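Here is the structure we will look at, set down as structure tokens.
Letters go in sequence order (proteins before strands), and every chain restarts at 1. None of the values given here were measured: they were computed from a predicted structure.
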Number of protein chains: 2
Amino acid sequence: MVSDVSRRQQIESTASALFRERGYAATSVRDIARALDIQGASLYAHVASKEDVLWSIVSRAADRFDAAVTPIARDRTLPASVRLARMITAHIGVIADDLGNASSFLQEWRFLSADRRAQVAARRDGYEAMFRGILEEGIAAGELDPLMDARLDARALLSALNGVAGWYRPTGALTPAQIADRFTSLSLDGLRRRPGLSYPAPDEGGRTLR
Amino acid sequence: MVSDVSRRQQIESTASALFRERGYAATSVRDIARALDIQGASLYAHVASKEDVLWSIVSRAADRFDAAVTPIARDRTLPASVRLARMITAHIGVIADDLGNASSFLQEWRFLSADRRAQVAARRDGYEAMFRGILEEGIAAGELDPLMDARLDARALLSALNGVAGWYRPTGALTPAQIADRFTSLSLDGLRRRPGLSYPAPDEGGRTLR
DNA sequence: CCTACCGATCGGTAGG
DNA sequence: CCTACCGATCGGTAGG
């Protein structure tokens, strides 16, 4: 049982890396088994089905994003823009911490069965709503621009953040925290030069933050 | 021959819609044929292989993005920030104009053979470099903030733009041009409220700009 | 564009 | 975790 748990985790870790590289549909059960040096049929001593492996990976990833970001979003003692900065850092941290897991969640969840797909869609909608909610709080508090489209902006932000899973390399020049800081500056202040403005902003999301 | 050309286009259009819905690897040749009301084997009167269909779709999409965006990027009579705004509009226009084609290009190109994949990767790198180049020109001209990371910012922007292919619906509330305008504002000015600043900016990328 | 067919591979099971 | 095996489906071909 104890060894079964860790073997199961090995399977999910190996499978998520393969799903990231080749996609779920193009990865066979025997591909996963070969990477673990066992026979294809032997996998079924540990998992009920191929889809079950994907479901575990996707569920775990969703849990990780929720666990990292939700407490930040809910901390009303912090200004919305500071929470947003920390949510960005947390989200990118989850991605960088396990690229295969996050990529499988982000890209391969559509290969789940209809009911599981619906569950994931609901969780993703809730997650997006959390980002949208922070933007709306920021508008209400006068921190963020009232003309923005919170729904569209939350989608744009999450697309950009999730794109990190596609190109991030642990050996790259930028750390996850540096990437997150730049994303925060970009989101809050944009690309345009504003000569009269202090830059970075002293206490909210600038590149000196955290 | 004439009918072959249009039949070929029908096949690619049908296939790209299925690839968008289910993914290339999970779409069988017979799925494509069934959608066209012909037998699976009959497809091979028109195409050499399943991968060939994907290759045509991906090449066409790459051509469309290039044709729409490159002339704007090269027009040095316009300020970089104006070109950026128009590139964003053009890019989103290509996506909205043919969701299946664009989505297949963006998501399914990794299922091409190694050499074709390398060709697509090179084109995508060049396309990204074009956006990065505009940002660098904008910095050099004093329009854009010199502290930005052009490479990272170009990736963030393109990820956000490409994300539109995942959620855009022609029946939605926002037109492609409206989405593009909001993305432009978001990119250039960010989310933060700046009470002293005229908003939208009078002649560059504000929401009144085309 | 069809019927008939091919070898290969798929996810998964039986029985140890 | 293995060997042996299953029916289904895959991309693709032959021959009309």
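- For Leu54(B) and dG12(D), the CG to P distance is 12 Å, given to the nearest whole Å.
- Separating the CD atom of Glu51(A) from the C1' atom of dG12(C) is a distance of 14 Å, rounded to the nearest angstrom.
- When distances run from any side-chain atom of Ile38(B) to the nucleotides dC1(D), dT3(C), dC1(C), the shortest one goes to dC1(C).
- Using a 4.0 Å cut-off between charged side-chain N and carboxylate O, Asp189(B) and Arg192(A) make a salt bridge.
- Residue Ser28(B) has no polar side-chain atom (N or O) positioned under 4.0 Å from OP1 or OP2 of dT9(D).
- Contact annotation: Ser42(B) side-chain N/O to dC2(C) OP1/OP2 distance is under 4.0 Å.
- Using a 4.5 Å heavy-atom cutoff, the side chains of Trp55(B) and Val120(B) are in contact.
- Inspection of the Arg7(B) and Gln10(B) side chains reveals an N or O donor paired with an N or O acceptor under 3.5 Å.
- Proximity note for Val29(A) (side chain, C-beta onward) versus dG11(C), dC1(C), dG11(D): the nearest is dG11(C).
- Take the nearest nucleotide of DNA chain C for Ala41(A) and for Ala26(A): the residue whose nucleotide is more 5' is Ala26(A).
- Rounded to whole Å, atom P of dC10(D) lies 16 Å from atom CZ of Phe111(B).
- Two residues, Ser49(B) and Asp37(A), neighbour DNA chain D, and the one matched to the more 5' nucleotide by heavy-atom proximity is Asp37(A).
- In this structure, Arg30(B) does not reach the dG12(D) phosphate: none of its side-chain N or O atoms is under 4.0 Å from OP1 or OP2.
- Using modelled atom types, one finds no donor on one side chain facing an acceptor on the other under 3.5 Å when comparing Arg86(A) with Thr184(A).
- Distance Asp31(A) CG to dG12(C) P: 14 Å, rounded to the nearest Å.
- If you measure from atom CD of Gln39(B) to atom P of dA4(C), you get 10 Å, rounded to the nearest angstrom.
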Structure string for DNA chain D in dot-bracket form, Watson-Crick and G-U at under 3.5 Å, | interchain: ||||||||||||||||

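- Between Arg60(B) and Asp63(B), no side-chain nitrogen of the basic residue sits less than 4.0 Å from a carboxylate oxygen of the acidic one, so the salt-bridge criterion is not met.
- Protein atom CZ of Arg34(A) is 15 Å distant from nucleotide atom C1' of dG11(C), rounded to whole Å.
- With rounding to whole Å, Leu18(B) atom CG is found 16 Å from dG11(D) atom C1'.
- Side chains of Glu108(A) and Arg20(A) form no contact here, defined as non-hydrogen atoms less than 4.5 Å apart.
- If you take CG of Leu36(A) and P of dC1(D), they are 9 Å apart, rounded to a whole angstrom.
- Between Tyr127(B) and Phe65(B), the ring-plane angle classifies as perpendicular under the 30° and 60° cut-offs.
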